[in-house]
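Note that the structure is a prediction, hence the values are computed from the model and not measured.
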Amino acid sequence: MKQIERVSLLGVGAVGTVVATRLRDALGERFTVIADADRRERLRREGVFFNGVRYDFALAEPTERPDLLLIATKATALDPAIEAIAPHVGPETLILSLLNGIDSEQRLAARFGAERVLYSYFLGHPSMRTGNRTTHDGTFRISFGEAINRPEQPTERVLRLSRLFERAGIPYDTPTDMIAALWQKFVINIGCNQTTALLRRPYGHLQTNPRAMALARGLMEEAATVAERLGIADADRMVARAVEVIRSMNPEGKSSMLQDVEAGRPTEIDLFAGTLCRLAEELGEAVPLNAATLRILSAL
């Protein structure tokens, strides 16, 4: 079985930098970053700082066709990301999306073929990012795999990626039902990201203020109801699991959406409440808390 030896990544932001540093340490110059002309110049000039250490990543050449392509941009930038990686997709390139949301894999498969795309998501403590400087405490994992993973008989592409992550020291797991796992992450984001952005407070506020947690729980219950209507496995347990995750977060940590609000950047509200509201409308399901959240955060 051929090992994954060459990896390219698009998006050295809060999530991408966490993964990029470990891949660069494992692969050296065989790990490259995809960037447009302006971004390439900034990377050459300023580098990327992770936990105070400067990294000067090798930059992908236009003709480079890696074994693995990772996308770690904002989910709102998926369309331009697809165009950016298109020249780098070779006949045997695997594609892994670390974006939030529940539909990036379908959109990538529609463009490049399902045989090139694995389901995946990044879950961990939030990074704090200012300019080209990112800090992170190292607590994260990447969940990935086929739509249904069989631990006793993983597919070749799951095995190849597992071995790469083991070499690079990247924590990972391969949930049996990746669609349900993606929805679990979606439910967490619906409650955690949106509530902290609405209240302009870090995770500790949800952990210590019963009304704040009740708001997060209400948002997540609406999402879990939609998941159940869609036939997603374990929908009835998603809210309880999400509350456990929220209670385990660094009390001083800030969600990516809260950081975007504070920095005046566009948020992923359409990806979270917007997606849920559209699905709920198709099902004839009411999601009033998420509808109100969408209206409020869209107006910023």
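- Val19 and Leu98 get closest at one heavy-atom pair: CG2-CD1, 4.1 Å.
- Remark: the backbone N or O of Pro66 is paired with a side-chain donor or acceptor of Thr93 at under 3.5 angstrom.
- Between the side chains of Thr225 and Glu285, no donor N or O sits under 3.5 Å from an acceptor N or O.
- Counting only distance, with no hydrogens or angles, the side chain of Asn149 and the backbone of Glu146 share a donor-acceptor pair below 3.5 Å.
- By the rule that hydrophobic residues join a cluster once side-chain heavy atoms approach within less than 4.5 Å of another member, Leu96 and Val89 end up as members of separate clusters.
- Counting heavy-atom neighbours within 6.0 Å of Glu46 CD, excluding the residue itself, gives a total above 12.
- Donor-acceptor pairing under 3.5 Å is lacking for the side chains of Gln194 and Thr293.
- One finds the CG atom of Asp103 at 7.5 Å from the CG atom of Leu78 (value rounded to the nearest 0.5 Å).
- Cluster annotation: Leu159 is not connected to Leu68 through the hydrophobic network of ILVMFWY side chains, with a link wherever side-chain heavy atoms come within less than 4.5 Å.
- A side-chain donor-acceptor contact under 3.5 Å links Gln259 to the backbone of Ser127.
- Across Ala84 and Ile34, no two heavy atoms sit closer than the pair O-CG2, 4.1 Å.
- From Thr32, atom OG1 reaches atom CZ of Phe57 across 11.0 Å, with rounding to the nearest 0.5 Å.
- Counting only distance, with no hydrogens or angles, the side chain of Asp67 and the backbone of Arg6 share a donor-acceptor pair below 3.5 Å.
- Between Asp177 and Ala233, the shortest heavy-atom distance links the atoms OD2-CB, 3.7 Å.
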Report task. Before giving the answer on side-chain contact (heavy atoms from CB on, under 4.5 Å), spell out for Asn100 and Tyr121 the whole-Å C-alpha distance, their side-chain angles and the decisive distance to 0.1 Å. Result -> CA-CA 7 Å; Asn100 286 324; Tyr121 65 88; over 6 Å; no
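- Panel note: side chain His88, backbone Glu64; a donor-acceptor pair is recorded below 3.5 Å.
- Under a cutoff of 6.0 Å and an axis angle of 45°, Arg24 and Phe31 do not form a cation-pi pair.
- Looking at every heavy atom in both residues, Met249 comes nearest to Gln207 through O-NE2, 2.9 Å.
- Taking a 6.0 Å sphere around CZ of Arg22, one finds it holds more than 12 heavy atoms contributed by other residues, nucleotides or ligands.
- Transitive grouping of hydrophobic side chains (ILVMFWY, heavy atoms separated by less than 4.5 Å) keeps Val18 and Val245 in distinct clusters.
- For the pair Ala227 and Trp183, the tightest heavy-atom approach, listed with the atom from each and the gap, is CB-CE3, 3.5 Å.
- With hydrophobic clusters built from ILVMFWY side chains whose heavy atoms lie under 4.5 angstrom apart, Ile142 does not share a cluster with Ile102.
- Atom CD1 in Ile188 sits 13.0 Å away from atom OG in Ser255 (nearest 0.5 Å).
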Requested in this report: Start with the C-alpha distance between Leu23 and Leu164, add both sets of side-chain angles, then the distance that settles side-chain contact (heavy atoms from CB on, under 4.5 Å), and finish with yes or no.
Outcome: CA-CA 9 Å; Leu23 288 169; Leu164 170 69; 4.3 Å; yes
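- Within 6.0 Å of CZ in Arg211 there are 12 or fewer heavy atoms belonging to other residues, nucleotides or ligands.
- The existence of a salt bridge linking Arg111 and Glu83 is confirmed by a sub-4.0 Å separation between a basic side-chain nitrogen and an acidic carboxylate oxygen.
- Using a cut-off of 4.0 Å between Lys/Arg side-chain N and Asp/Glu carboxylate O, Arg39 and Asp36 are scored as not salt-bridged.
- The distance from atom CG of Leu108 to atom CD1 of Ile82, rounded to the nearest 0.5 Å, is 5.0 Å.
- The backbone N or O of Ala60 sits less than 3.5 Å from a side-chain atom of Arg40, completing a donor-acceptor pair.
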Report task. Please assess Arg65 against Glu92 for the test salt bridge (Lys or Arg N to Asp or Glu O under 4.0 Å), listing each intermediate value before the final yes or no. Result -> CA-CA 9 Å; Arg65 307 289 187 274; Glu92 298 182 0; over 6 Å; no
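- Applying salt bridge (Lys or Arg N to Asp or Glu O under 4.0 Å) to Glu262 and the options Arg200, Arg129, Lys254 leaves one that passes, Lys254.
- Using a 4.5 Å heavy-atom threshold, the side chains of Arg167 and Leu27 count as touching.
- Between the side chains of Ser256 and Asn193, at least one donor N or O sits under 3.5 Å from an acceptor N or O.
- Residue Glu5 qualifies as enclosed at atom CD: its count of foreign heavy atoms under 6.0 Å is above 12.
- Hydrophobic clustering keeps Tyr119 apart from Phe112 (ILVMFWY residues linked when any side-chain heavy atoms are closer than 4.5 Å, directly or through intermediates).
- For Asp79 against Arg107, the heavy-atom pair with the smallest separation is OD1-NH2, 2.7 Å.
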Report task. Let me see the working for Arg241 and Asp234 under side-chain contact (heavy atoms from CB on, under 4.5 Å), right down to the final yes or no. Result -> CA-CA 10 Å; Arg241 290 172 176 169; Asp234 294 329; 3.9 Å; yes
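- Ring orientation note: the planes of Phe50 and Tyr55 are nearly perpendicular, at an angle over 60° on the 30°/60° scale.
- Phe165 and Phe144 have perpendicular rings, their planes meeting at more than 60° on a 0 to 90° scale where under 30° would count as parallel.
- Taking CZ of Arg163 as the start and CE of Met1 as the end, the distance is 3.0 Å to the nearest 0.5 Å.
- Within a 6.0 Å sphere centred on CD of Glu115, heavy atoms belonging to other residues, nucleotides or ligands number more than 12.
- No side-chain donor-acceptor contact under 3.5 Å links Ser8 to the backbone of Leu69.
- Rounding to the nearest 0.5 angstrom, the gap separating the CG atom in Asp260 from the NZ atom in Lys74 is 3.5 Å.
- Checked by atom type, the side-chain pair Asp137/His125 shows a donor-acceptor distance below 3.5 Å.
- For the pair Cys277/Arg295, no side-chain contact is recorded, criterion being any heavy-atom separation below 4.5 Å from C-beta on.
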